[in-house]
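Computed from a predicted model, the values in this text were never measured in an experiment. Convention: sequence-line order gives letters A, B, ...; per-chain numbering from 1. The analysis underlying the following values was restricted to heavy atoms, covering all of them including side chains, and did not include hydrogens, waters or symmetry mates.
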Amino acid sequence: MLFFFLWYEAYSAASQQFKSVLLTITPFMEDAGIDEAFLDISELLDASESIVVRIKTRIKEKTGLTCSIGIAPNKLLAKIASDMQKPDGLTTLNEGDVECQLWPLPIRKLYGVGPKTEAHLKDIGIETIGQLAASSAEKLIETFGHSYGHYLYDASRGIDDSPLVTHWEPKSISRETTFQEDVKNWQVIARTLAELTKEVVADMQEHGYQTRTVTIKIRFSDFQTLTRAKTISDYTDAEEEIRKAAFACLKRIDLNKRVRLIGVRASNLEKVTS
DNA sequence: TCTGGGGTCCTAGGACCC
DNA sequence: TCTGGGGTCCTAGGACCC
């Protein structure tokens with residue numbers, strides 16, 4: 001059985017406290033952002049509701065803040081449940097509740113459905129999770145592709161086999177910035193790219209990663225967004241080499257419009273073993 | 001929402017190799 | 001010499017999340 005915590009107005013200091021309280025309950029915790037976490041308490045003997053009361057009390061003591069909790073057999077349902085009673089709530093959602101609790105909800109409440117998918121679904125007459133569940137897998141896969149179509153089919157039924165992830169390595173490290181005013185001056189763009197690259201490299205070095213793929217992102221004043229990537233032959237954390245790759249990417253973009261945002265990302269990461 | 005920043009995953013197409 | 005299929009890597013862009 002898994003929990004999800006949603007916790008309002010969290011600050012990083014409080015976030016630490018929050019996570020440490022959870023870890024006193026079980027090591028099976030998945031960090032899901034500054035103010036959210038999943039807890040797998042299926043191995044614990046206590047009745048889940050009594051554990052929840054204990055956790056709420058301790059979090060209140062340590063941080064002075066309240067949290068909303070969802071209890072469910074999987075992460076998807078736990079997250080949706082936590083959102084059902086907003087401040088300081090506690091909601092249990094079981095497989096048997098899917099039809100009466102999940103299906104009446106608007107599709108946007110389903111994790112993974114954003115504004116684009118919402119609009120697309122409404123175009124084909126689907127407004128609730130129940131209506132989504134009434135669609136065939138074939139239709140959804142045809143419309144949304146194999147992976148996402150499958151996901152929607154399962155998720156609309158409350159099915160989620162995703163495991164709890166207690167530890168993971170970053171896939172990429174990036175920095176981006178939006179200019180106060182859209183810029184045309186190449187010098188300013190270049191200087192900013194160099195600064196962002198420096199920050200990315202510092203971050204990589206601090207956490208012991210090397211990269212092979214450098215991607216830059218440019219957003220113009222009309223919101224057109226371009227990316228250019230360069231993969232180099234060997235993993236590196238050398239600033240000069242990474243900056244060269246970033247500038248090689250920049251050269252491939254025609255800067256004929258004012259630039260609103262510039263960013264740089266290092267991916268294809270490898271942990272340095274020392 | 002006239003739109004901030006740091007992430008993840010997916011898809012499609014092209015290049016290249018066997 | 002020509003053709004084709006499959007696998008892998010890389011690139012670019014899109015959608016979503018907190």
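In the model, H150(A) has no side-chain atom that pairs as donor or acceptor with a side-chain atom of D154(A) under 3.5 Å.
Note on R212(A): only backbone sugar-phosphate atoms sit closer than 4.0 angstrom, heavy atoms only; bases stay farther off. Nucleic acid contact class of Y111(A) (heavy atoms, under 4.0 Å, all strands): sugar-phosphate only. Note on T215(A): nothing from the nucleic acid sits closer than 4.0 angstrom, heavy atoms only.
Y209(A) and W168(A) are assigned to two separate hydrophobic clusters, defined by single-linkage of ILVMFWY side chains at heavy-atom distances under 4.5 Å. Placement of F38(A) and F28(A) within a single hydrophobic cluster is found when ILVMFWY residues are connected by side-chain heavy-atom separations under 4.5 Å, directly or transitively. When the side chains of ILVMFWY residues are joined at heavy-atom separations under 4.5 Å, either directly or via intervening members, L105(A) and I107(A) end up in a single hydrophobic cluster.
Here I216(A) contributes atom CD1 and R252(A) contributes atom CZ; the two are 8.5 Å apart, rounded to the nearest 0.5 Å.
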Handout entry: nucleotides 5-18 of chain B: protein proximity per nucleotide (B base, S sugar-phosphate only, - neither; heavy atom, under 4.0 Å)
Key = SSBBSSS-------
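Of the P atoms belonging to dG4(C) and dA12(B), the separation is 23 Å, rounded to the nearest Å.
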Practice task
Taking Watson-Crick and G-U wobble pairs with both distances under 3.5 Å, convert DNA chain B into its dot-bracket string, 5' to 3', dots for unpaired and | for cross-strand pairs.
Solution key: ....||||||||||||||
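Under the 4.5 Å side-chain criterion, counting only non-hydrogen atoms from C-beta, K75(A) is not in contact with Y111(A).
Smallest separation of non-hydrogen atoms from T166(A) and P27(A): CG2-O, 4.0 Å.
Checked against I253(A) for a side chain to side chain contact (heavy atoms under 4.5 Å, CB included), the options T227(A), V259(A), I262(A), I218(A) give a single hit: I218(A).
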